[in-house]
Amino acid sequence: MAAMDPAYDPKRVESTWYSRWEKAGVFRPELNPDGEPFAIVIPPPNVTGVLHMGHALDQTIQDLIIRRKRMQGYAALWLPGTDHAGIATQIVVERELAKEGMSREEMGREAFIEQVWLWKAAFGGKITDQIRRMGFSTDWTRERFTMDEGLSTAVRKVFVDLYHEGLIYRGNRIISWCPRDRTAISDVEVEHEDEVGELVYVHYPFKEGGGGIEVATTRAETMLGDTGIAVHPDDPRYSDAIGRIVTVPLVHRQIPIVADEAVDPAFGTGAVKVTPAHDQTDFEIGRRHGLDTVCVIDEAGVINENGGRFAGLDRFDARRAVKEALASDGALIKVEQHVHAVGHCQRCHTVIEPYLSDQWFVKVAPLVGPAIDAVRSGDIRFVPERWDKTYLHWMENLRDWTISRQIWWGHRIPAWYCEACGEVIVAIEDPTRCECGSTDLRQDPDVLDTWFSSGLFPFSTLGWPDDTDDFRRYYPNAVLVTGYDIISFWVARMIQFGLHLTGRKPFSDVVIHGLVRADDGRKMSKSLGNAIDPLEIVDVHGADALRLALIQAAASGQDVPFQVEWVDAARRFGNKLWNVVRFAVANLGEHSVPADGGYPAEPGPESAWILARLHDVFARTDELLEEYRFSEAYAVLYSFAWSEAFDWYLELSKTLLKADSEETRATLGVVVRDLLKLFHPVIPYVTEELWSYLVGEGLIAAATWPHPPECEEPAHFEVFRELVVGFRRFRAEHGLSPRAPLQATLVDPDGVASPWWFPQFQALASVVPAVGAAPAGDVFSRVVGGSAQVFISLEGLVDVDAERTRIDKEIADVSSVLDRSRGKLAKPDFLDKAPVEVVAKERAKVVEFEALLEKLAAQRSDLG
RNA sequence: GGGCGCUUAGCUCAGUUGGCAAGAGCGCUUCCCUUACAAGGAAGAAGUCGGGGGUUCGAGUCCCUCAGCGCCCACCA
């Protein structure tokens, strides 16, 4: 094998491993055929989309989970898939066609859909390539697409079954309509924003003359479709008006005044105009009072022929025109500024129009109860827990789900209408004739909401509704990882569908993470120009660096402002690891470390120290990972690796190795190897490359998760560490060279002997252990640990003032801490009520600090 | 109108049953090119944990309140 490069080059390292992993079948759960199943469903990205930072974070977390589980021996399945993303994809393709001067209307439905499939074939691979580039270990042999045959079959079966159960129905309702996309959308696809509008007060005269009634409206244009006026039944101002007839200005329609509880007497004039065709509340009022429905706005948001002279005007132009016409007619009383929430299309931001139309709905009431219970009972667990509230609140206030979309790209609704008798046929197989004998059948032109098929993803991808091996084995999935922004879109629907259709929960744990934000704290978006392309980061710093940076930054479901500096730091960590292994290989030899085990049986103090730390840090890290506290886990591990294993043990090992110790070689090897394993789930490429040098047996991706044995930490090692710091500090503060020889005497009442490696490691001329006695003569002393003290011979080189200043400061610091501790211990309540271990800890602290202070005071007085 | 989150070092953020002499990365100061790494090492400076009140032996951590920022939900026209 070639010698290792002197520096880590992510580009080179990341170029080959992915295909080797795939070829070796590492990503297939069959790698661990006897393992317990553990499955994750990927939130399927849009098939024609590109990877953004949100995906990068989401999928890095999933990869971390699945790679660790795989190493732990589970039959770990991470099933990849893509979503056909109905409206989004259709819009993209339409836009492309428009560049060539074509429109879908001209092409016709079939030709257009063919175009979309071509588009998907051409660009659908982009996002999956990007997933590979990031190193995500999905099982590509099981890849699915929401419009593939199996998933389409599942969709169709679900629709038909729910229809026959009465959970899917067709109805003529007011729904949210996007006049730009010309389709119905569901409630969750509407974004409300406060906007400043106008509250227009209009006078509606009584038919028989003698005054009239005033109403206030923010949507003056809808008065063209007014069919009633409503007031609250208990409103004394209008008790005489109820039942009377007024004339709608401009259109001169005669409409009744009705009484309805839905009216808020405190708003406006307490009288509201009722436009059943263009407002949800009005629709219901109209229905209760048998009012007519006059539609005046068409599917494009334009006033139709019922709008008289306003026909042909866009709804916003009409609003102005109606207001002006009212003014010139003398029907306009006044106009006030008014802030109110306006719904916008989530996709194109067009103002939503409440629109009366025939649509298909999912009746949610029967689905809600189980979906609430599953979370309330803890059967499905949100992490962090607080997202329970968001989920439950949404679930508890759910209205029927509009699932039909007036677009072409998607799962066509399996409903046919008999042109002869009007019968509706809903069937899995395309029907050819109606019961009435007619063959004149017309399929419903609409397609289903994209989220309908995504809602089935956790089980449809495993082969359901067939009772497949995969479905039996991997369902329910173990965990779902996603951002909080799609809890209502997706998570809630999977839970409802999963429980109802399979009788079981779709997954046990729902890990919610934050959104990646730009460094200005705003949402990353192309239109704001603050989006960072993860692939560009990968090109410069490597996928590993991006992954590690995201994991470190993404704490506990909090949003993460993305900063390139983090990636840079993460890449430097890769370089560090690289050089650590280079050092290990140079000293231990290539392929010298076993893939497992190899821990020294009876380690001496130096090995015991690092092995004890390794065990403790491993245990803590593993615990945190199990609790999905990723950033904390890797903070612990990162700090141990760099500050203790590398900066300390590895430095020390240089001295130890000079004694040619087999034990040190073994220890160094296993510590580095286990760190590679522990970091592998986050930075798979560089660890795999380094494994090939250090271990060379198999792949780290298929290696076993480490389990360093427990090891008792040697009693005095921390004292030695403090001593070393003390020596370094002494030199630094006195302007001595870091390697200037020092003459030192260690005095420790516990009789600790200074370790043999001190003189070489810290260039001490000699360290003389002594018990209980300070050497006489011209020395400075340092306090270390609680009891040990080291005396360093002056050699006449020392800056006495600097030492005085330092000691004075330390005395002040120690005194203040000591005062606080003494204060605590002086309180009887503390002694009575605090746990014994806390009191003991406080006492020990006082003893330690008193000794420290005493020694510091002595040192200070020695200095004069 | 409800609900949630945030306010900790110059910057971006950790800190989960209350026991912290408050941490990290970046930045900053001083020293060191020691043959794994200068993409590095060593030693440092730096915070009355948004304000006020409370509970408690003890509060960055719990409660109340005020202020600021952000997000989500909501059919008052």
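Because the structure is a prediction, the values reported are computed rather than measured. Just so we're on the same page: letters track the sequence lines, and every chain starts at 1.
- Classification of the A:Tyr693-A:Trp578 ring pair by plane angle, with boundaries at 30° and 60°, yields perpendicular.
- B:U34 and B:G18 have their C1' atoms separated by 47 Å, with the value rounded to a whole Å.
- As judged by a 4.0 angstrom heavy-atom cut-off over every strand, A:Pro828 is placed among residues making no nucleic acid contact.
- Taking only side-chain nitrogens and oxygens, A:Arg517 never comes nearer than 4.0 Å to OP1 or OP2 of B:C71.
- Among the heavy atoms of the strands lying under 4.0 Å from A:Lys845 are primed sugar atoms or P, OP1, OP2 only; no base atom is included.
- Among the nucleotides B:G5, B:G19, B:A74, the one closest to any side-chain atom of A:Ala341 is B:A74.
- Judged by distance alone, the side chains of A:Tyr8 and A:Glu689 never bring a donor and an acceptor atom under 3.5 Å apart.
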Just the table, please: protein N/O against nucleotides 42-46 of chain B N/O, every pair under 3.5 Å.
{"unit_1": "B:A42", "atom_1": "O3'", "unit_2": "A:Arg728", "atom_2": "NH1", "d": "3.4"}
{"unit_1": "B:G44", "atom_1": "OP1", "unit_2": "A:Arg729", "atom_2": "NE", "d": "2.8"}
{"unit_1": "B:G44", "atom_1": "OP1", "unit_2": "A:Arg729", "atom_2": "NH1", "d": "2.7"}

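- A side-chain donor-acceptor contact under 3.5 Å links A:Glu189 and A:Ser186.
- A ring-centre distance under 6.0 Å is found for A:Phe679 and A:Tyr634.
- Picking from B:C76, B:A36, B:G58 the nucleotide with the shortest atom distance to the side chain of A:Lys827 gives B:G58.
- Aromatic rings from A:Phe267 and A:His338 are positioned such that their centres are separated by under 6.0 Å.
- As judged by a 4.0 angstrom heavy-atom cut-off over every strand, A:Thr218 is placed among residues touching the sugar-phosphate backbone only.
- The side chain of A:Asn579 sits closest to B:A36 out of B:A36, B:A21, B:C31.
- Formation of a donor-acceptor pair under 3.5 Å by the A:Arg665 side chain with backbone atoms of A:Asn587 is found in this model.
- For A:Val580, whose side chain is taken as the heavy atoms from C-beta onward, the closest listed nucleotide among B:A36, B:A39, B:G19 is B:A36.
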Checklist entry - For RNA chain B, what dot-bracket results from Watson-Crick or G-U pairs at under 3.5 Å, with [ ] for crossers and | for inter-strand partners? => result (((((((..((((.....[...)))).(((((.......))))).....(((((..]....))))))))))))....
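- For A:Pro561, taking side-chain heavy atoms from C-beta onward, the closest of the listed nucleotides B:C75, B:C26, B:C13 is B:C13.
- Using a 4.0 Å heavy-atom distance criterion, A:Glu842 is classed as making no nucleic acid contact.
- Residue A:Arg386 places its side chain closer to B:C4 than to any other of B:U12, B:C57, B:C4.
- Distances shorter than 4.0 Å separate some side-chain N or O of A:Arg582 from OP1 or OP2 on B:C37.
- In this structure B:C69 sits in the anti conformation; its chi angle is more than 90° from 0.
- For the pair A:Arg517 and A:Phe562, the cation does not sit on the ring face, since its NZ or CZ is not both under 6.0 Å from the ring centre and inside 45° of the axis.
- Among the protein residues, A:Leu515 comes within range of no part of the nucleic acid, since none of its heavy atoms lies under 4.0 Å from any strand.
- Among the atoms of the strands shown, none is found under 4.0 Å from any heavy atom of A:Ala635.
- Listed nucleotides B:A77, B:U16, B:C31 differ in distance to A:Val272; the shortest reach to its side chain belongs to B:A77.
- In this structure, a donor-acceptor pair under 3.5 Å is present between the side chains of A:His344 and A:Glu195.
- Residue A:Arg820 is in sugar-phosphate contact alone, with no base atom involved, counting any heavy-atom pair closer than 4.0 Å across all strands shown.
- Closest contact between the side chain of A:Val817 and the listed nucleotides B:A21, B:G19, B:A77 involves B:A21.
- Side chain of A:Trp566, nearest nucleotide from B:C26, B:G19, B:U12: B:U12.
- With hydrogens and angles left out, the side chain of A:Lys576 and the base of B:A39 share no donor-acceptor pair within 3.5 Å.
- In this structure, the ring of A:Trp387 has its center less than 6.0 angstrom from the ring center of A:Tyr484.
- Side-chain proximity of A:Lys841 to B:C20, B:C13, B:A39: nearest is B:C20.
- The aromatic rings of A:Phe720 and A:Trp757 sit perpendicular, their planes meeting at an angle over 60°, well past the 30° parallel limit.
- In this structure, A:His338 reaches the B:A77 phosphate: one of its side-chain N or O atoms is under 4.0 Å from OP1 or OP2.
- Across B:G53 and B:U12, the matching C1' atoms stand 32 Å from one another, rounded to whole Å.
- A:His232 and A:Asp264 share no donor-acceptor pair across their side chains, judged by distance under 3.5 Å alone.
- Dashed line: the shortest gap from a side-chain N or O of A:Trp642 to OP1 or OP2 of B:C37 is not under 4.0 Å.
- Looking at heavy-atom distances under 4.0 Å, A:Phe283 makes no contact with the nucleic acid at all.
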